[in-house]
2 protein chains.
Amino acid sequence: MPDVVGPRNTPTDQSPRKKGWRKAEIIDMAALCFMERGYHATSVDEVADRLGCTKGRIYHYYASKIDLFFDVHREGMKKLFEAIEPAMKTTGDGLTVLHAMLMAHAKAMLEHHTFENVVAQGVQIHRFDATTEDQRQTMKLLIDSRDRFEGFFKDQIAAAIADKTLRDMDVSVTAKVLLGALQWSIFWYRARPDETVAEREELARKMVEPLIDGLRRN
Amino acid sequence: MPDVVGPRNTPTDQSPRKKGWRKAEIIDMAALCFMERGYHATSVDEVADRLGCTKGRIYHYYASKIDLFFDVHREGMKKLFEAIEPAMKTTGDGLTVLHAMLMAHAKAMLEHHTFENVVAQGVQIHRFDATTEDQRQTMKLLIDSRDRFEGFFKDQIAAAIADKTLRDMDVSVTAKVLLGALQWSIFWYRARPDETVAEREELARKMVEPLIDGLRRN
DNA sequence: ACAAAAACATACTCGATTGTATGTTTTTAC
DNA sequence: GTAAAAACATACAATCGAGTATGTTTTTGT
């Protein structure tokens, strides 16, 4: 009689045999589930089911559900930082660099909207769900990273004002408004399976353009 | 021996004796709890505790937790519609009216951020939690009302483009970007207890200004 | 004043879910 | 080739929270 459970996937089935790819597989599916139903409404069993395995696998890698959430959040923030990094190194006046950062951020929000949706949920999951001291420490680090990310935009806005390429305006509020405008896409954007990079780029352009040029005609 | 449970509050304790104020009290507390912890993380017992009563009271008015959520959502949408209504009746060119609508919306988002936070959660609570046919019907009506609200802004943007007071741009994307910029405040804005109306108005102005005037200097 | 209805409180059921304990298979290291 | 470790699966415990059934008090209508 053959085994009821088939042989486990070999690394070559998936992406090239990178170390830790089994864990990454879990993170990706968790991000998808958390996006679709929200963190609290998603059960660990559900994530396992959609991976075609059992809870045992997930709890082999993660001590608790919230720790899995933290990893998804961390990955989401990593993608955000990596996306704007090239734009920040651009040479140009203050507004030009800011424009490039906003475009990069918009594209990243669309491309990784699964993860970024979960990042947004992280704002609400504060102190309540992090019970152990270790978890509270992790939570603090994640909040810090979100603040640092926003800080990059605040700094660039301030630089552009000093630069005279930007009118004088409230740096903090403007940063939140601009980022919010792009990040709100987690609520309305869903990737089409056949969507090309060029199409996403075009959508990102349509998003950033009214922010840079404003609404006034001249 | 006196009663363990004190006498129930009389209408005069709270707002003027409006019919249904006992229900409104529940809605308000539910909105607060749902905002602070999210719908799924909030238990009905918790809402009751913070009201100083028991579940019995809530289930006297509501058949289920999701029905309570629906009422909070409905109230949130009602506040949004009422806020922009005067602005929509303003006479003026397309951009002027749009500006007034955005200001009204920004102020409403700040003033009722508790309810509007819950409205945003409603986007994720789709088909899964609405089990009965009646609940699915209610859910559909709420989604429709959100679409109608966005439609008002899309129409006004289109009118302003036709009006030549607005450059040509993607109506749908621009509407989502503008509304998102203001609605993202649910994540960062929390009301100070001593905050005045004038202060909120000033904050709303700082939010809308970069959207209308854009970032470019000239 | 009194019956009916409204407005709750109390105590319970029951399903769903997180986390654990343990067994089994696969891989790795030597 | 073999022992150890990694990578799971299985079955269970223990909690928590939604919803219900029922009793009690307060209000209301006449």
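What you see is a predicted model, and the numbers here were worked out from it, not measured in a lab. Just so it is clear: chains get the letters A, B, ... in the order the sequence lines come, proteins before strands, and each one is counted from 1.
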**Q** Can the positive tip of B/Lys154 be found less than 6.0 Å from the middle of the six-membered ring of B/Phe149, inside 45° of the ring normal?
**A** no
**Q** Which of these nucleotides, D/dA9, C/dT20, C/dA7, is closest to any side-chain atom of A/Arg57?
**A** D/dA9
**Q** Just how far, in rounded Å, is P of C/dT18 from CZ of A/Phe69?
**A** 14 Å
**Q** Check whether any side-chain nitrogen or oxygen of A/Arg22 sits under 4.0 Å from OP1 or OP2 of D/dC8, and answer yes or no.
**A** yes
**Q** I want to verify a distance call: between D/dT10, D/dG19, C/dT20, whose nearest atom is closest to the A/Thr54 side chain?
**A** D/dT10
**Q** Rounding to a whole Å, what distance do you find between A/Ile26:CD1 and D/dA7:C1'?
**A** 10 Å
**Q** Which of the following nucleotides, D/dG19, C/dA9, D/dC8, is nearest to the side chain of B/Cys53?
**A** C/dA9
**Q** Just the rounded figure in Å: distance from C1' of D/dA9 to CG of A/Asp49.
**A** 13 Å
**Q** Considering only NZ, NE, NH1 and NH2 on the basic side and carboxylate oxygens on the acidic side, decide whether B/Glu85 and B/Lys89 come within less than 4.0 Å.
**A** yes
**Q** If the plane angle is over 60° it's perpendicular, under 30° parallel, otherwise tilted; pick one for B/Trp184 and A/Trp184.
**A** perpendicular
**Q** Kindly state whether the ring of A/His40 and the ring of B/Tyr39 have centres lying under 6.0 angstrom apart.
**A** no
**Q** Rounded to the Å, how far apart are B/Leu68 CG and D/dA18 C1'?
**A** 13 Å
**Q** Check the distance between D/dC8's P and A/Lys23's NZ and give it to me in whole angstrom.
**A** 12 Å
**Q** Identify which one of B/Lys78, B/Glu116, B/Arg146 satisfies the side-chain hydrogen bond (donor to acceptor under 3.5 Å, both in side chains) criterion when paired with B/His73.
**A** B/Arg146
**Q** Taking the minimum atom-to-atom distance to the side chain of A/His60, which one of C/dT18, D/dA18, D/dA7 wins?
**A** D/dA7
**Q** Could you give the OH-to-P distance, from A/Tyr59 to C/dT17, as a whole number of Å?
**A** 12 Å
**Q** Please determine, by modelled atom types, if A/His112 and A/Glu75 share a side-chain donor-acceptor pair under 3.5 angstrom.
**A** no
**Q** Would you kindly give the NZ-to-C1' distance between B/Lys65 and C/dG15, to the nearest whole Å?
**A** 15 Å
**Q** Can you establish whether the number of heavy atoms outside A/Asp155 located under 6.0 Å from its atom CG is more than 12?
**A** yes
**Q** Tell me the interatomic distance from A/Trp21, atom CH2, to D/dA6, atom C1', rounded to whole angstroms.
**A** 15 Å
**Q** Quick check on DNA chain D: between A/Tyr61 and A/Lys55, whose nearest nucleotide comes earlier from the 5' end?
**A** A/Tyr61
**Q** Please work out which residues in residues 35-46 of chain A have a non-hydrogen atom less than 4.0 Å from an atom of DNA chain C and list them by number.
**A** A/Thr42, A/Ser43, A/Val44, A/Asp45
